[in-house]
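Have a look at the structure below, then the notes.
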Amino acid sequence: MATQTPTQAETTEFGEVSRLKGIAFKYISFGASIVGILALGVLLAYVFWDALGLETAGTTWYLSYTATLLAPLLAFIVYARTRPTVAAGAFELFSVVLGGMMLTVATVIILSIIATPPVWFAYFLTVVGPLLALYVYGQYDRKATWVGLAMLGVVVLGPVVGTAALGVLGSLGAMLGSPGIFFLSLVVPAAGLAAFLAYTRLGLSRRQSLGVGVGLPVLAIVGVPVVDTIPQVSRSVWLIGLVMFGLPVGYGVANTARQRDRWAAFALPAIVVLGFLLGEFVVGAVGATQPSPWLDWQYVTSAPSISNAETAGLYPAIIGSVFLIVLVSVFTFVFGVGTAIYLEEYAPSSGPLGTITRLINVNISNLAGVPSVVYGLLGLGIFVNIDAQLGPISYGGFGVGTVFTAALTLSLLILPIVVISAQEALRSVPDSLRQASYGMGATRWQTIRNVVLPRSIPGILTGTILALGRAIGETAPLIMIGAATTKFSPPSGLFTKLTAMPMQIYSWAFLPSEDFRYGVVAAGVVTLLIVMLSMNSVAILVRNKYQQEAH
């Protein structure tokens, strides 16, 4: 008969069993979590309060919007809480609207302001267009194994050809004009995508899907006379918005409309729009005192000022941050995920080479904990100060505080985090799936592309987006490489100087005026938070999509 008395070794290892200690640990952990969340909530509320100028609003203003907007929203949340299909539909509508707005703003900044339409047209013809054509052909002919190699060739050679022919292709694009360029490079490909989504995802017939595809360019042309009557919206912005905002929102609305049990989700946008309009009407009718926010349209479209808080803006810093984060995301995703795939799928795990692989993994893990200021010094040394001669090639760095230098330095900072998170995502794929793929005769690359990557993409995206969120808020590395704290114009190329939102906020925080230290700085922090939270929201949407497909 087995005894129930713990042995001496077990008693020494686990100690005396005490239920009281377990309960105390549970409530102490709970209390610490609540304190942390409350502290963060109070801080965010304080910043939003200053940025939106809510202290200047009258009581009637609060009561009006509580009755027309806040109360109906809370009622909808309570209603949707016990109806999963309605909540899913409302989340999808909210996500596509938020994602569409972000895509529109980012595309306008990247294509219209940073790259300029003629330059975008040149690289569309040499890089983006051929990649799209090859991808579509690969989907049409699954047996065409050369498509992947051809896409790799386009990625490598396309930028070289585009740069060499930039003058000729840029002149050709200039003849078309900005609206013509965006019509050919955005609206026409989007028409094909709309027809594809209508046929494959919404279940429409071929004729109906063709009508959807033709309808998009027709709407783009028909809407031009209407847009011309709105001074704030140019034809280029209309075409970009139609593709980047109209296409995802249209898909989300159609997807919700075709499921009858999700129809109640349409109440969410109706409550937001009608509640806001009704609130504006009531506030105007009763003459309520409205808030005087620091964060307004003037703030995000004006150059910074260090003397007048009323006219201070964050426009060059916003453009610089977007430019920076686009480059960092490209560098880290390509190099980080590529490194993780090699270390997990190709690198030897035994023998002398296996020892080297383990040493590399250990060093990558250690690099993830190095302070950011050290990476700033590394970037200063490698990308700014080194002056080397290698045969006919001389290297003198990429300039002090330039876009390219800043992007490479921040990429070094988050690369270890991206590699580690991608490795964990790849390890989470069961090995039995790989063996089953090999058993079916697939090669290693086919197994990685068709079995491993689709199941690990959610984890890879999660780690990458969290790392990008850290990069966009970093200040120390930018200070070390000499990025400007205040700049009055946005960057116009890879080798021009930039400033970023954290740098500009850091600069304003030390001005003696209270309007700068509390109002303008708070508006900058809220702008930075909105960009970061929007990035995370879109990442969550993409991750959920791939998770559903993986299961």
Side-chain angles (χ1 to χ4, degrees), residues 34-77 94 98 101 105 268 271-318 321 472-473 475 485-486 500-534 536-537:
I34 293 297
V35 169
I37 293 172
L38 283 178
L40 182 60
V42 169
L43 175 63
L44 292 179
Y46 177 73
V47 173
F48 272 83
W49 182 269
D50 279 346
L52 301 179
L54 295 177
E55 74 279 4
T56 59
T59 307
T60 312
W61 185 86
Y62 284 104
L63 293 176
S64 300
Y65 277 105
T66 300
T68 60
L69 185 59
L70 186 59
L73 268 179
L74 291 176
F76 176 80
I77 292 172
F94 174 77
L98 181 63
M101 292 172 63
V105 173
L268 178 63
I271 289 172
V272 173
V273 175
L274 296 178
F276 176 76
L277 294 177
L278 185 59
E280 283 288 296
F281 175 77
V282 172
V283 166
V286 302
T289 304
Q290 300 194 33
S292 302
W294 290 100
L295 179 58
D296 54 11
W297 185 247
Q298 178 273 329
Y299 183 80
V300 297
T301 57
S302 300
S305 171
I306 56 174
S307 59
N308 187 358
E310 299 290 339
T311 60
L314 204 59
Y315 176 71
I318 294 174
S321 287
I472 198 175
T475 306
T485 52
T486 299
M501 285 189 278
M503 297 293 291
Q504 186 61 64
I505 295 168
Y506 174 80
S507 172
W508 279 331
F510 292 95
L511 294 179
S513 170
E514 290 193 354
D515 286 344
F516 276 106
R517 292 165 54 196
Y518 298 106
V520 177
V521 167
V525 172
V526 170
T527 306
L528 184 59
L529 285 174
I530 289 174
V531 173
M532 290 178 59
L533 293 177
S534 301
N536 289 341
S537 302

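Note that the numbering runs from 1 along the sequence shown for the chain. As the structure is a computational prediction, the values presented were derived from the model and not from experiment.
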Using atom types as modelled, flag every donor-acceptor pair under 3.5 Å from a side chain in residues 507-520 to any protein atom, sequence neighbours excluded.
unit_1, atom_1, unit_2, atom_2, d
S507, OG, T486, OG1, 3.3
W508, NE1, S305, O, 3.1
S513, OG, D515, N, 3.3

message: When you compare the side chain of T527 with that of Y299, does any pair of heavy atoms fall below 4.5 Å?
response: yes
task: Please name all residues satisfying side chain to side chain contact (heavy atoms under 4.5 Å, CB included) with V531, sequence neighbours left out, ordered by chain then number.
output: I472, M501, M535
- prompt: So which heavy atom on A522 is nearest to which on D50, and how close?
  reply: CB-CB, 3.7 Å
statement: Minimal heavy-atom distance between S302 and P316, with the atoms involved, is O-CD, 3.8 Å
message: Main chain of G313, side chain of Q298: is a donor-acceptor contact present, judged purely on distance under 3.5 Å?
response: no
- prompt: Please walk me through it: do V47 and V521 pass side chain to side chain contact (heavy atoms under 4.5 Å, CB included)?
  reply: CA-CA 9 Å; V47 173; V521 167; over 6 Å; no
- request: Verify whether one side chain among Y65 and E280 offers a donor that lies under 3.5 Å from an acceptor in the other.
  value: yes
message: Does atom CD1 (I306) have a neighbourhood of more than 12 heavy atoms from anything else shown, all under 6.0 Å?
response: no
All N/O donor-acceptor pairs, side-chain side in residues 52-61, below 3.5 Å, sequence neighbours left out:
unit_1, atom_1, unit_2, atom_2, d
T56, OG1, G53, O, 2.7
T56, OG1, S292, N, 2.9

field: Neighbour count >12 (heavy atoms, 6.0 Å) for atom CZ, F281
entry: no
field: Inter-residue atom distance L69.CG - S64.OG, 0.5 Å rounding
entry: 11.5 Å
field: Spatial distance of atom OG1 (T475) from atom CD (Q504) [nearest 0.5 Å]
entry: 11.5 Å
query: Which value, rounded to the nearest 0.5 Å, describes the distance between L274 atom CG and T68 atom OG1?
result: 10.5 Å
query: Does V526 reach the side chain of L44, with side-chain heavy atoms less than 4.5 Å apart?
result: no
query: Just how far is it from atom CG of L314 to atom OG1 of T301, taken to the nearest 0.5 Å?
result: 11.0 Å
